[in-house]
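Source: prediction; values computed, not measured. Here is how names work: the chains are called A, B, and so on, in the same order as the sequence lines, proteins then strands, and each is numbered from 1. Computation of the quantities below employed the complete heavy-atom set of this structure, encompassing side-chain atoms and omitting hydrogens, waters and symmetry-equivalent molecules.
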There are 2 protein chains.
Amino acid sequence: MDKNAPVSRLTSFPDGPLELKLQVFLPLSEAEKSLLADLQRTRVDCRPGVELMREGEPIAKVMIVTEGWAIRHRDLSDGRRQIINFVLPGDFVGVQSLLFAQSDHSVSALTKVKAAHFEPDRIIELFAQFPRLAAALSWCTTREESIIAERVASIGRRSAYERMAHLFLELLYRLRTVKSAPGKSFKLPVTQEVLADVLGLSIVHVNRTLRRLRQEGLIELDGGRIVIPDLAALEKTADFEKHFLHAGPPPRRVERQLEALENGAVLT
Amino acid sequence: MDKNAPVSRLTSFPDGPLELKLQVFLPLSEAEKSLLADLQRTRVDCRPGVELMREGEPIAKVMIVTEGWAIRHRDLSDGRRQIINFVLPGDFVGVQSLLFAQSDHSVSALTKVKAAHFEPDRIIELFAQFPRLAAALSWCTTREESIIAERVASIGRRSAYERMAHLFLELLYRLRTVKSAPGKSFKLPVTQEVLADVLGLSIVHVNRTLRRLRQEGLIELDGGRIVIPDLAALEKTADFEKHFLHAGPPPRRVERQLEALENGAVLT
DNA sequence: CGAAAAGTTGATCTACATCAACGTGCGTGG
DNA sequence: CCACGCACGTTGATGTAGATCAACTTTTCG
């Protein structure tokens, strides 16, 4: 903490990825931001490959990833693996701890991961005292479901080519909202095996599909970075509809109710 | 309403599918049940094929299906369709209305559907006044996500044969919790086309896979009913892990907090 | 009864998997 | 500094699960 920094209040910090993401949904007050800062006080660093959570085991903590990539995955008993979703900066891990006795999937760090963690109980606290944050948190989890639902559609009905294009677009947009994708490119810290396991393909086929996308000029790869030179073109080949990312504020009706809450009103 | 029925209180009713499902997670008090009954007062009937909700449009109401089957589905622009999940008795439709300005998927009735519906605002009310119900509702939505995540794993990594076996098991267990599957069989009111669209397969291949499951004695079909003579055998061929159905109470820790709430305590 | 929807079956095709070999970069230990 | 090993990427040959096409049967239902 830099005591000499010119801040309007001691509590104000530059927004982290979580704050950036939540503010797509609703603006945060200083009080809310400082609660979030407090939730994120305890931090951990994980090396690549570390399991943040394992299928079948109880969930001890809720985590918020602040840097790096992780994956939620299911491992079948014969070794086949399916990645359900990427966990990017600003994403939660283990919010289910409140409701589920055991986890039904594992979460593993793909890169070095920096994360914050806190006791599940604090979410109950948050629901009682910060209803707007509670709404924002629910928005996160519901959005996560939408992303997974779109993945079902992708794997079930799109060709490998379309599917991969769609994934890159999803990642671009998700990373943009947490300011991790400047312009038309982003760092893609994954092996082809990881891509295969998200997309439900074999490694070899991922390699060839990647090459085809490159040859068609739809993507450029260069040392762990991917560039999407023509967004519209890629969206067309993926049949990309951004509905599922819900990158907008809540419906007016709800916005009004949330404003009321902001002004200290308590629901009767 | 039968006024002569011997009831302990006027408010007590036989539990509907929603109540049955929620009580897997936690026991409901009379007050909570009567709130649920009140939420379900306004009812609609839908013919097969009716769209309860359409992708891209705002979500007007929250619905609870009490009878019949529906599907959540994504339709790609060229006509391909992927069914994300079945909506069974006791399931919600449109809980996202609070958080999302538009729906990112459609919901269509597969059979005749009886449903209740209410204003989204009432959920906010519920969160403020009935925290235990709020927890139970969150449990429902999180469980829905788990089911979809398992579907990603199925479509991405299981063969058509395993996948279909897995689906039938999922349905059996889900229907059992709402008392719609007596014993080892249940009514399966779907065409092979519908099966194809959940499983990400072609109709023809569904037909053949179905036949194979029948020939192996793993399932029996007869006029819209499916029988699973040997549950263990089917579970083995599907590599079925029931984790994802979360058919148990919350962790102890949380259970204690919820009990406190039941006794009228208010979180400070 | 007739027409449409659903189911069934065979023939053929193809997107993707599997197998196998080889290239390439890189970190570790001698 | 080299060399070895290992993870990752690339490419060709071949195999196969599942798609597509097409015809026919059975069921459903107005």
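- Side-chain proximity of A:His205 to C:dA17, C:dG10, D:dC8: nearest is C:dA17.
- Counting any heavy atom pair closer than 4.0 Å across all strands shown, B:Gly224 reaches no nucleic acid atom.
- At the heavy-atom level, B:Thr209 lies nowhere under 4.0 Å from the strands shown.
- Here D:dG9 presents its C1' atom at 6 Å from CD of A:Gln192, a figure rounded to the nearest Å.
- To the nearest angstrom, P of D:dG18 lies 21 Å from CZ of A:Arg158.
- Between A:Arg151 and A:Glu170 there is a salt bridge, since a side-chain N of the basic residue sits under 4.0 Å from a carboxylate O of the acidic one.
- One atom, CZ of A:Arg80, and another, C1' of C:dA17, lie 13 Å apart when rounded to the nearest Å.
- Residue B:Ser202 has its side chain nearest to D:dA19 when only D:dA19, D:dT10, C:dG10 are considered.
- In this structure, the CZ atom of B:Arg157 is 7 Å from the P atom of C:dA17, given to the nearest Å.
- Within the nucleic acid shown, A:Leu201 comes within 4.0 Å of sugar-phosphate atoms alone, with no base atom in reach, counting heavy atoms only.
- With respect to the salt-bridge test (charged N to carboxylate O, under 4.0 angstrom), the residues A:Asp91 and A:Arg174 qualify.
- Residue A:Arg211 places no side-chain N or O under 4.0 Å from the OP1 or OP2 atom of D:dG9.
- Salt bridge status for B:Asp104 with B:Arg74: absent, with no side-chain N to carboxylate O gap under 4.0 Å.
- In this structure, the CD atom of B:Gln215 is 13 Å from the C1' atom of C:dT8, given to the nearest Å.
- Nucleic acid contact class of B:Thr191 (heavy atoms, under 4.0 Å, all strands): sugar-phosphate only.
- One interatomic measurement links the two molecules: CD of A:Gln82 to P of C:dA17, which rounds to 11 Å at whole-angstrom precision.
- A donor-acceptor contact closer than 3.5 angstrom links the side chains of B:His166 and B:Glu150.
- Not one side-chain nitrogen or oxygen of A:Asn207 sits closer than 4.0 Å to the OP1 or OP2 atom of D:dG9.
- A salt bridge is absent between B:Arg80 and A:Asp239: the closest approach of a Lys/Arg side-chain nitrogen to an acidic carboxylate oxygen does not fall below 4.0 angstrom.
- Across all strands, A:Arg208 comes closer than 4.0 Å to base atoms (heavy-atom distances).
- B:Gly223 comes within 4.0 angstrom of no nucleic acid atom, judged by non-hydrogen atoms across all strands.
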